[in-house]
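Structure, as structure tokens:
Residue numbers begin at 1 in each chain, while the letters A, B, ... track the order of the sequences. All values below were derived from every heavy atom in this structure, side-chain atoms included, with hydrogens, water molecules and symmetry-related copies excluded.
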Protein chains: 2
Amino acid sequence: MSEHIRIGIAGYGNLGRGVEAAIDKNPDMTLVGVFTRRDPAQVTTLGADTVVRTMTELPSFTDEIDVLILCGGSKDDLPVQGPELAALFTTVDSFDTHARVPEYFAAMDAPATAAGTTAMISVGWDPGLFSINRLYSEALLPDGDTYTFWGRGLSQGHSDAVRRVPGVAGAAQYTLPSDTAIDAVRSGSRPVLATNQKHTRECFVVLEDGADAAAVEQAIVTMPHYFDEYDTTVHFISAEELARDHSAMPHGGFVIRSGNTSTEASQTIEYRLALDSNPEFTASVLVTYARAAHRLNQQGRTGAVTVLDVAPALLSPKTPAALRAELL
Amino acid sequence: MSEHIRIGIAGYGNLGRGVEAAIDKNPDMTLVGVFTRRDPAQVTTLGADTVVRTMTELPSFTDEIDVLILCGGSKDDLPVQGPELAALFTTVDSFDTHARVPEYFAAMDAPATAAGTTAMISVGWDPGLFSINRLYSEALLPDGDTYTFWGRGLSQGHSDAVRRVPGVAGAAQYTLPSDTAIDAVRSGSRPVLATNQKHTRECFVVLEDGADAAAVEQAIVTMPHYFDEYDTTVHFISAEELARDHSAMPHGGFVIRSGNTSTEASQTIEYRLALDSNPEFTASVLVTYARAAHRLNQQGRTGAVTVLDVAPALLSPKTPAALRAELL
């Protein structure tokens, strides 16, 4: 296809850097620039040629940018920036506060509809790819149960909680899916499982000088809400080991649905992600859906949309005829 | 949603029976009837109330049926029936001769476009759900490799080949994905693997009286094209065991793509089906896509389409707002 998509990045943290890298893997896209609230002179980009500008310059780029990828946070940035920018650009964002998706959808739909832009919200892997797989498998097996497992993945919130324990100098916390629970789900027995039965927790902790390891471990495994209801393992490591082995941001998980098409026949659909870098993968998802957002906007589909509204073919740079010949 | 979808079934073998069962699991659908080339009086249906008619009566049911599900075979039935019926009805079929999909698409597109019907072709799990997952994962990880594994599954063609070996009274052949190959792919090392490195074969054989087991085993494992390039295991069992343990039609497999978002970060996307009954699951996929075919036709999207053209939300009986609230 001869289409070429011009992308802008609004916000330049881990996710914005991932988007910059992902655009490089997609020859049908060009990066117009990174737009930041910081002083552009202080921002070092991955690409030597990447243009950095202030966020306030964005309104003068409406003719330059086909899709603006919003890389701000869901808590403070997107609820404010999102509706403002959707009034100017076709946007893609990774709004991920599950409970507030309907409210955010409405807040994006109004300005996008009025402006004739397309606002693709909540793009990523959960919400996002996992949501798509919940939908497919639920529709395919109406008589069934869906299970989501997260991990093995670094949890920022739980790592922070461990760091607040007296005597802890540094920490990383991983959430792991329970093999026992996964096997039970895969068996087709459709077990009832609470979140703490589906997951275990593993902590890597650097102690402060003179801290009591047993007391720290006890404080962690009994911590209400975070650890007390989970099977938790604590490993004590050196500051060097923490820096060397635990600075990546792996994540992933499973969506599994098992259901019955008859009393005799149980069927299982499983979708799994194993990610070395959570922000880089999320960025790749955003960039892929930027292609779809651009196409939907060109087709006249304006207002807020989600990944559930996107036909798979809209995601690929290949023509429909090539996709049929190669993938069907 | 208040929509109600009236379904007809054309052809009543294993797949047609599966469709009849699947309609029962979807309260927004009604089965108008089964249409067969056989004498309707000789056909026993799963449901006591299912109406059976001859295929020749179909043209008088255009006002009664919203979507006709074509349950004939890809080799002889669909190439002839498909275009004829697409001129009368919105259709869904499971045409699965991968190499001839473009040709069949064109043959269905012309009559469907002329008649204002929608012909959804090649619906099932491969082609079908596996195709969708190849597309998603290829678009998400442009710098990567996709691997398809089939099994554990009963292969009709290979079972037939074993039955033709002198001394064999009965047989079932299963294709199994190789655990070694799956582990290599999951590791992110992106290995180059031929089909015979990805799969092993397992045969369950009933010998004729007085047959030489060693000679039969040798004839099987050295059979050109079918077994000689595979790691093949042969088990000799009794006729009773064959009937008791090997009359089901399990199947499934994996689509795995691993790719790099940067030199350091490898990402793996995996989709897996484990099916107790291949025809019942394929039937469930057909029925789910009948809902989408009906909606696409109502939206004015006529002509031939494939699963790659169907937005996930079109598959679900739930409203878009409910899907956003529950699944995102």
Side-chain angles (χ1 to χ4, degrees), chain A residues 18 21-22 25-26 98 101-102 105 122 127-129 131-136 138-143 186 188 248 252 261-262 264-277 280-281 283-285 288 291 306-313 315-317 320-321 323-325 327-328, chain B residues 18 21-22 25-26 98 101-102 105 122 127-129 131-136 138-143 186 188 248 252 261-262 264-277 280-281 283-285 288 291 306-313 315-317 320-321 323-325 327-328:
Chain A
K25 301 267 190 193
N26 288 281
H98 295 266
V101 166
F105 183 91
S122 298
L129 303 178
S131 317
I132 289 170
N133 278 280
R134 289 183 196 111
L135 193 162
Y136 273 113
E138 178 181 288
L140 292 165
L141 297 173
D143 175 10
R186 283 179 175 159
T261 49
S262 62
E264 302 76 33
S266 166
Q267 322 272 11
T268 304
I269 303 172
E270 183 173 324
Y271 185 76
R272 179 184 180 217
L273 295 173
L275 310 175
D276 278 356
S277 165
E280 283 186 19
F281 186 74
S284 285
V285 184
T288 308
R291 183 180 291 121
T306 77
V307 296
L308 307 178
D309 301 310
V310 177
L315 299 171
S316 174
L323 291 173
R324 286 192 295 270
L327 301 181
L328 276 174
Chain B
K25 301 268 190 191
N26 288 280
H98 295 264
V101 166
F105 183 90
S122 298
L129 304 179
S131 318
I132 289 170
N133 279 280
R134 289 183 197 111
L135 194 162
Y136 273 114
E138 179 181 287
L140 293 164
L141 297 173
D143 175 11
R186 283 180 176 158
T261 48
S262 62
E264 303 75 33
S266 165
Q267 322 272 13
T268 304
I269 302 173
E270 182 172 322
Y271 185 75
R272 179 184 178 217
L273 295 174
L275 311 174
D276 277 357
S277 165
E280 283 185 18
F281 186 74
S284 285
V285 184
T288 307
R291 183 181 291 120
T306 77
V307 296
L308 308 179
D309 302 309
V310 176
L315 299 171
S316 173
L323 292 173
R324 286 193 295 270
L327 301 182
L328 276 174

Where does A:I132 contact chain B at under 4.5 Å (heavy atoms): side chain, backbone, both or neither?
-> side chain
Under 4.5 Å heavy-atom distance to chain A, tell me which part of B:T306 shows up: side chain, backbone, both or neither.
-> side chain
Interatomic spacing from CD in A:E280 to CD in B:Q267 - rounded to 0.5 Å = 6.5 Å
For chain B, the option from A:A325, A:A321, A:A313 that forms the most heavy-atom pairs under 4.5 Å = A:A313
Heavy-atom check, side chain of A:V307 versus side chain of B:L328, under 4.5 Å | yes
Max heavy-atom pairs within cutoff under 4.5 Å with chain A, candidates B:D309, B:D143, B:N133, B:L308, goes to B:L308
Considering only heavy atoms, which portion of B:L273 lies under 4.5 Å from any heavy atom of chain A: side chain, backbone, both, or neither?
-> both
To the nearest 0.5 angstrom, please state how far the OG1 atom of A:T261 sits from the CG atom of B:D276.
-> 7.5 Å
Find the distance between CG (A:L323) and CG (B:L135) and round it off to the nearest 0.5 Å.
-> 5.0 Å
Between A:S122, A:P127, A:S131, which has the largest tally of heavy atom pairs under 4.5 Å with chain B?
-> A:S131
Side chain, backbone, both or neither: which part of B:F105 has a non-hydrogen atom closer than 4.5 Å to chain A?
-> side chain
Region of A:A22 that comes under 4.5 Å of a non-hydrogen atom in chain B = neither
Tell me, side chain or backbone of A:V310 under 4.5 Å from chain B's heavy atoms, or both, or neither?
-> backbone
When rounded to the nearest 0.5 angstrom, what distance separates OG in B:S284 from NZ in B:K25?
-> 8.5 Å
Could you tell me the separation between the OH atom of A:Y136 and the OH atom of B:Y271, rounded to the nearest 0.5 Å?
-> 8.5 Å
Starting at CG of A:L140, measure out to CG of B:L315 and round the result to the nearest 0.5 Å.
-> 7.0 Å
Between B:L129, B:V101, B:T288, which residue shows the highest count of heavy-atom pairs closer than 4.5 Å to chain A?
-> B:T288
Quick one: which of B:R134, B:E264, B:R324 has the most heavy-atom pairs under 4.5 Å with chain A, could you say?
-> B:R324
Close side-chain approach of A:R272 and B:R272, heavy atoms under 4.5 Å | no
